[in-house]
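Some notes on the structure that comes next.
All chains are named by letter (A, B, ...) in the order of the sequence lines, taking the proteins before the strands, and each is independently numbered beginning at 1.
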Amino acid sequence: MKIASWNVNSLKVRLPQVLDWLKQSEPDVLAIQEIKLTDENFPVAEIKAAGYEVVYSGQKTYNGVAVLARQPLTDIVTDIPGLEDPQRRILAATIGPVRVLNLYVVNGQEVGSEKFAYKLRWLSKVKAYIQKQLSEHNYLVVLGDFNIAPEDRDVYDPELWREKILCSSQERGVLGEIMALGLKDTFRYFESGGEHYSWWDYRAAGFRRNLGLRIDLILANDALMRLAIAAGIDREPRGWERPSDHTPAWAEFNISN
DNA sequence: ATGGTGGACGATCCA
């Protein structure tokens with residue numbers, strides 16, 4: 001089972017690229033973030049025609065998440081206990097034996113800002129939900145745009161980004177707490193080196209110069225991690241015409257469905 | 001030089 005994550009930065013603009021990527025990469029599950037459209041405007045027919053079932057939690061202009069899968073998606077959750085939030089950032093679904101939790105983590109703008117406080121609050125509620133999900137499911141994947149670079153090797157210039165948003169000790173601390181519940185970074189199970197990124201700023205020719213951060217993560221619980229056979233980041237879509245600023249990350253597990 | 005680009009939307013907000 002191949003599971004992928006991609007912040008598409010507007011599904012309206014990126015739908016053709018999503019369909020192209022599905023065809024060439026053949027994931028069993030694709031979690032997408034920042035669809036930036038309402039449920040009424042979700043392109044269900046196009047995605048079904050590509051051979052995928054889909055569930056979504058949309059919002060006008062900002063945020064919005066969806067999960068595409070070759071098999072039925074069940075037990076859908078879009079709101080979690082203790083988090084009254086109009087922003088559509090969470091979508092949990094079960095596909096075959098695997099529970100999938102798709103997250104569009106709050107960006108946070110700047111360390112110490114009101115949005116930063118919201119980010120930490122949001123993460124603490126999500127952490128509690130993940131703890132509960134771990135106790136209820138044999139196989140759990142938590143994936144998405146985490147808006148946190150886990151370590152310095154995930155950042156093109158760690159000194160420039162030291163204690164900045166996406167890299168601060170507080171953000172890394174909460175991510176560490178979440179992973180300590182029993183989740184591992186699938187990418188790091190297979191690749192220990194630096195210069196592997198999933199997001200490059202549109203500005204300052206970030207992609208051309210590989211000035212990126214690895215902030216799109218696929219975490220798996222220990223039982224599922226034992227079945228992991230590969231993980232990676234597909235840089236190709238970031239080089240396409242009119243790209244998202246993120247590129248897809250993926251992980252493959254030795255389970256048939 | 002406090003910039004740059006991109007999406008949504010229709011003046012700014014968000015990333």
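- Across the protein-nucleic acid pair, A:Arg238 atom CZ and B:dA15 atom C1' stand 13 Å apart, rounded to whole Å.
- Regarding A:Gln59, its CD atom lies at a distance of 11 Å from the P atom of B:dA15, rounded to whole Å.
- Each of A:Ala204 and A:Asp145 has a nearest nucleotide on DNA chain B; the 5'-most of these lies closest to A:Ala204.
- Ion pairing between a basic and an acidic side chain is recognised when a charged N comes within 4.0 Å of a carboxylate O; A:Asp39 and A:Lys60 show no such pairing.
- Atom name P, nucleotides B:dG3 and B:dT12: the rounded distance is 16 Å, in whole Å.
- Each of A:Val29, A:Leu22, A:Asp28, A:Ile95 was evaluated against A:Arg70; a single residue qualifies, A:Asp28, per the side-chain contact (heavy atoms from CB on, under 4.5 Å) test.
- Atom-to-atom, CZ of A:Arg209 to P of B:dG4 comes out at 15 Å; the value is rounded to the nearest Å.
- Residue A:Arg242 has a polar side-chain atom (N or O) positioned under 4.0 Å from OP1 or OP2 of B:dG7.
- Here the closest heavy-atom approach between residue A:Leu134 and residue A:Leu183 is recorded as CD2-CD2, 4.2 Å.
- Neither OP1 nor OP2 of B:dA8 sits under 4.0 Å from any side-chain N or O of A:Lys60.
- The separation between A:Glu171 atom CD and B:dA15 atom P is 13 Å, rounded to whole Å.
- Shown for residues 104-112 of chain A: residues whose heavy atoms fall under 4.0 angstrom of DNA chain B, namely A:Tyr104, A:Asn107.
- Phosphate proximity of B:dG7 to A:Arg14: present, with a side-chain N or O under 4.0 Å from OP1 or OP2.
- Going from atom CG of A:Leu11 over to atom P of B:dG7 covers 13 Å, rounded to whole Å.
- Closest-nucleotide positions on DNA chain B for A:Val13 and A:Glu34 were compared, and the one nearer the 5' end corresponds to A:Val13.
- When distances are taken from the side chain of A:Asn9 to each of B:dA8, B:dG7, B:dA15, the shortest belongs to B:dG7.
- Taking the charged nitrogens against the carboxylate oxygens, A:Asp154 and A:Arg188 do have a contact shorter than 4.0 Å, which makes a salt bridge.
- Regarding A:Asn63, its CG atom lies at a distance of 17 Å from the P atom of B:dG7, rounded to whole Å.
- Salt-bridge formation is not detected for the pair A:Asp157/A:Arg162: no Lys NZ or Arg NE/NH1/NH2 atom is positioned less than 4.0 Å from an Asp or Glu carboxylate oxygen.
- Salt-bridge annotation for A:Asp85 and A:Lys125: absent, with no side-chain N of the basic residue lying under 4.0 Å from a carboxylate O of the acidic one.
- At a threshold of 4.0 Å, the pair A:Asp145-A:Arg89 does not count as salt-bridged, since none of the basic side-chain nitrogens sits closer than that to a carboxylate oxygen.
- In this structure, CG of A:Leu211 is placed 15 Å from P of B:dT5, rounded to the nearest angstrom.
- Atom-to-atom, NZ of A:Lys36 to P of B:dC13 comes out at 15 Å; the value is rounded to the nearest Å.
- Taking the side chain of A:Tyr202 as heavy atoms from C-beta on, and the options B:dC13, B:dA15, B:dG6, the nearest nucleotide is B:dG6.
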